[in-house]
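Below: one structure, written as structure tokens.
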Amino acid sequence: MAGRRTFTMIKPEAVAAGHAGKILDLIISRGFRIVAMKYTRLSHKEAGAFYAVHQERPFYGELVDYMASGPIYAAILEKDNAVEDFRKLVGATDPANAEAGTIRKQFAESKAKNAVHGSDSDDNALIEGHFFFSSRECY
Ligand code: CMP
């Protein structure tokens, strides 16, 4: 059975551009409940660890530099079928391929600076949520 929680980050360029409020409004209006949230900044080391799964990819260095470049919002979200439904709302990695109405279509700058992260599986949602939050920060 699909899980009820996913993990998201509003990434540095979207925060710097002032899009965080509109993105959160969209997420909530689509039926996601915020279980935990924080405004924080990843160190270079933390960004590298979070995205370690991509360390063999050619864009890994760029990705880590970018994710450590400024503050982000990190959040755990809850809804039936959370991972799949949130990925639909987020849209394709490259905003040029994202459907109308998706977060990336509206707010992403590029494939690299793509506004938000969304977990790609229930297992990763759990791992990523634990990366940022303890159980006493989840409500
Ligand atoms: P995200 O969903 O956070 O997961 C991995 C991230 O790597 C992705 O969003 C993008 O920010 C980044 N990414 C994926 N593909 C590329 C690429 N070809 N060039 C640069 N960055 C990329």
Side-chain angles (χ1 to χ4, degrees):
M1 193 183 84
R4 296 197 74 243
R5 288 187 178 183
T6 191
F7 171 80
T8 188
M9 291 182 285
I10 302 178
K11 297 184 177 186
E13 106 281 4
V15 173
H19 296 320
K22 284 182 186 158
I23 292 172
L24 286 169
D25 196 35
L26 189 52
I27 291 170
I28 292 165
S29 74
R30 295 299 178 88
F32 292 88
R33 187 179 77 78
I34 294 173
V35 172
M37 187 163 74
K38 63 177 68 165
Y39 184 52
T40 186
R41 181 172 180 166
L42 290 166
S43 67
H44 206 261
K45 194 175 168 190
E46 288 166 338
F50 184 89
Y51 279 112
V53 66
H54 294 304
Q55 62 191 346
E56 303 305 327
R57 305 280 192 99
F59 57 80
Y60 178 68
E62 178 193 352
L63 173 62
V64 170
D65 287 347
Y66 160 56
M67 288 303 297
S69 69
I72 59 164
Y73 287 88
I76 296 173
L77 306 173
E78 189 172 76
K79 181 185 182 297
D80 285 346
N81 205 33
V83 167
E84 193 184 333
D85 284 3
F86 190 65
R87 286 180 74 80
K88 278 186 200 152
L89 176 59
V90 165
T93 303
D94 186 343
N97 302 325
E99 286 182 32
T102 61
I103 294 173
R104 284 177 174 157
K105 188 68 179 182
Q106 294 176 73
F107 301 108
E109 274 183 24
S110 65
K111 193 171 188 177
K113 297 181 175 179
N114 61 2
V116 291
H117 169 80
S119 303
D120 64 3
S121 67
D122 289 342
D123 286 348
N124 283 338
L126 207 59
I127 292 166
E128 292 170 1
H130 283 146
F131 189 94
F132 283 90
F133 301 101
S134 67
S135 58
R136 65 179 295 278
E137 295 173 297
C138 298
Y139 301 96

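Heavy atoms only: backbone and side chains are in, while hydrogens, waters and symmetry mates are out. Index from 1, following the sequence. Not measured: the values here are computed from a predicted model.
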What heavy-atom pair brings I76 and C138 nearest, and what distance separates the two atoms? CD1-SG, 3.9 Å
Non-hydrogen side-chain atoms of T8 and I23 separated by less than 4.5 Å: no
Taking E13 first and then K113, would you say they form a salt bridge - that is, a charged N and a carboxylate O separated by under 4.0 Å? no
Check: S134 main-chain N/O paired with E137 side-chain donor or acceptor under 3.5 Å: yes
Would you give the length of the straight line joining atom CG of N114 to atom NZ of K105, rounded to the nearest 0.5 angstrom? 13.5 Å
Shortest non-hydrogen separation from A14 to A115 and the atoms involved: CB-O, 3.7 Å
Quick one: does E46's side chain have a donor or acceptor within less than 3.5 Å of a partner on S43's backbone? yes
Contacts of type side chain to side chain contact (heavy atoms under 4.5 Å, CB included), residue P12, not counting sequence neighbours: Y66, M67, S69, I72
Y51 and Y60 aromatic centres sub-6.0 Å: no
Salt bridge E99-K88, side-chain N to carboxylate O under 4.0 Å: no
Say whether M9 and V116 are linked into one hydrophobic cluster, either directly or through other cluster members, by side-chain heavy-atom distances under 4.5 angstrom. no
Are R5 and V35 side-chain neighbours, meaning at least one heavy-atom pair lies under 4.5 Å? yes
Non-neighbouring partners of K111 that pass side chain to side chain donor-acceptor pair (under 3.5 Å), sequence neighbours left out: none
Between S119 and V83 the two heavy atoms that sit nearest each other are O-CG1, 3.5 Å
Restricting to side chain to side chain contact (heavy atoms under 4.5 Å, CB included), what partner residues turn up for F59, sequence neighbours left out? H54, R57, E62, L63
Report whether V53 and V64 are members of the same hydrophobic cluster (ILVMFWY, side-chain heavy atoms less than 4.5 Å apart, transitive linking). no
List for me each residue that meets ring-ring contact (aromatic ring centres under 6.0 Å, His included) alongside Y73, sequence neighbours excluded, and say none if there are none. Y39
Please report the closest heavy-atom contact between G118 and R87, naming both atoms and the distance. O-NH1, 3.0 Å
Taking all non-hydrogen atoms of both residues, which atom of A82 and which atom of F32 are closest, and how far apart? O-CE2, 3.8 Å
Please determine whether residues V15 and I28 belong to a single hydrophobic cluster, defined as Ile, Leu, Val, Met, Phe, Trp and Tyr linked transitively by side-chain heavy-atom distances below 4.5 Å. yes
Any donor-acceptor pair under 3.5 Å linking the side chain of R104 with the backbone of G91? yes
Hey, is NZ on K22 packed in by over 12 heavy atoms from elsewhere, all under 6.0 Å? no
Going by the ring-ring contact (aromatic ring centres under 6.0 Å, His included) test, name the single residue among H130, H44, H117 that passes it with F50. H117
Can you measure from CG (D85) to CZ (R30) and round to the nearest 0.5 angstrom? 10.0 Å
Tell me the closest heavy-atom pair linking Q106 and G101, and the distance in Å. NE2-O, 3.1 Å
Rounded to the nearest 0.5 Å, how far apart are CE of M37 and CG of L24? 5.0 Å
Counterpart residues, salt bridge (Lys or Arg N to Asp or Glu O under 4.0 Å), relative to D80 (two or more places apart): R4
Should L77 and I127 be regarded as members of a common hydrophobic cluster, given that ILVMFWY residues are connected when their side-chain heavy atoms come within less than 4.5 Å of each other, either directly or indirectly? no
Could you state the interatomic distance from OG (S121) to CG (L126), rounded to the nearest 0.5 Å? 9.5 Å
Linked hydrophobic residues, Y139 as query - side chain contacts closer than 4.5 Å: none
Go through T102 and F107 one step at a time and tell me if the side-chain contact (heavy atoms from CB on, under 4.5 Å) criterion holds. CA-CA 9 Å; T102 61; F107 301 108; over 6 Å; no
Working to the nearest 0.5 angstrom, can you tell me the gap between L26 CG and L89 CG? 5.0 Å
Between F7 and F86, is the ring centroid distance below 6.0 Å? no
